[in-house]
Amino acid sequence: MAVMITEECISCDACASECPVAAILGDDNVKNPYEGEYFYVKPETCVECVGHADTPRCADVCPTEGAIVWDMPYTTDFEAYYAAGNEEGKYMIRDHKKKGLMLPSVKSQAFMEEIGMDVREAHADVAASF
């Protein structure tokens, strides 16, 4: 993942159409653990726009401060973090029929290496980073 949407989200739908990898689910999607509340970024799909844009496009268009924040990179270094979050219901990681739970060991994702771990751990506002 690397970015996440918080309860500050007003469900305006500005971010979803900007995502180049279709990682953002609306608040009406049954695959969204926050269904009926706010939008959700699928951690197993988000690439922080690496290879698509200089900054995460979702945060560029989001009108609400603090709605899109950094999360940990979706890499094997943070597999336990994402597995625990999935068990707690914070994430709803896809369960592939053949590959199983799409944790980072199955499919890690690109991330912006220049964003420090302290910023990610603090879940700092993405827009404020640029």
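Quick caveat, the model's predicted, so the values are computed rather than measured.
- Within the 3.5 Å criterion, the main-chain N or O of Tyr38 finds a donor-acceptor partner in the side chain of Asn32.
- Applying the salt bridge (Lys or Arg N to Asp or Glu O under 4.0 Å) criterion to Arg57, with sequence neighbours excluded, gives Glu18.
- Side-chain N or O atoms of Tyr40 include none that pairs as donor or acceptor with a backbone N or O of Ala23 at under 3.5 Å.
- Taking all atoms of both residues into account, the shortest heavy-atom contact from Glu44 to Arg94 is OE2-N, 3.2 Å.
- Side-chain atoms of Val21 and His52, non-hydrogen and from C-beta on, do get closer than 4.5 Å to each other.
- Rounded to the nearest 0.5 Å, atoms SG (Cys9) and CD1 (Ile68) are 7.5 Å apart.
- Rounded to the nearest 0.5 angstrom, Thr45 OG1 and Met102 CE are separated by 8.0 Å.
- Annotation: side chain of Pro56 is in contact with side chain of Trp70 (closest heavy-atom distance under 4.5 Å).
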Just list the side-chain donor-acceptor pairs under 3.5 Å for residues 110-119, sequence neighbours left out, or say none.
none

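- In plain terms, the two heavy atoms of Ala67 and Cys62 that are nearest each other are CB-SG, 3.7 Å.
- Counting heavy atoms of neighbouring residues, nucleotides and ligands inside a 6.0 Å radius, atom CG of Asp95 exceeds 12 of them.
- Atoms OG and NZ, on Ser105 and Lys99 in that order, are 11.5 Å from each other to the nearest 0.5 Å.
- A ring pair (Phe, Tyr, Trp, His ring centres under 6.0 Å) with Tyr91 is found for one member of Tyr82, Phe78, Tyr74 and no other, namely Tyr82.
- When all heavy atoms are compared, the tightest approach of Cys15 to Phe39 is SG-CD2, 3.9 Å.
- Judged purely by atom type and a 3.5 angstrom limit, Glu37 has no side-chain atom pairing as donor or acceptor with the backbone of Asp27.
- Residues Val41 and Val61 are members of separate hydrophobic clusters, defined by side-chain heavy-atom contacts under 4.5 angstrom among Ile, Leu, Val, Met, Phe, Trp and Tyr.
- Using a 4.5 Å cut-off on side-chain heavy atoms (C-beta onward), Lys42 and Met92 make no contact.
- Taking CD from Glu65 and OG1 from Thr6, the interatomic distance works out to 10.5 Å, rounded to the nearest 0.5 Å.
- Test Pro43, Cys49, Cys19, Cys46 against Val3 for side chain to side chain contact (heavy atoms under 4.5 Å, CB included) and you get one pass: Cys46.
- With values rounded to the nearest 0.5 angstrom, Lys107 atom NZ is found 13.0 Å from Leu101 atom CG.
- Side-chain atoms of Asp71 and Tyr81, non-hydrogen and from C-beta on, do get closer than 4.5 Å to each other.
- Counting only heavy atoms from C-beta outward, the side chains of Glu35 and Asp28 never approach each other to under 4.5 Å.
- With hydrophobic clusters built from ILVMFWY side chains whose heavy atoms lie under 4.5 angstrom apart, Phe130 shares a cluster with Val69.
- When all heavy atoms are compared, the tightest approach of Thr76 to Pro104 is N-CB, 3.6 Å.
- To the nearest 0.5 angstrom, Ile93 atom CD1 is 9.5 Å from Glu87 atom CD.
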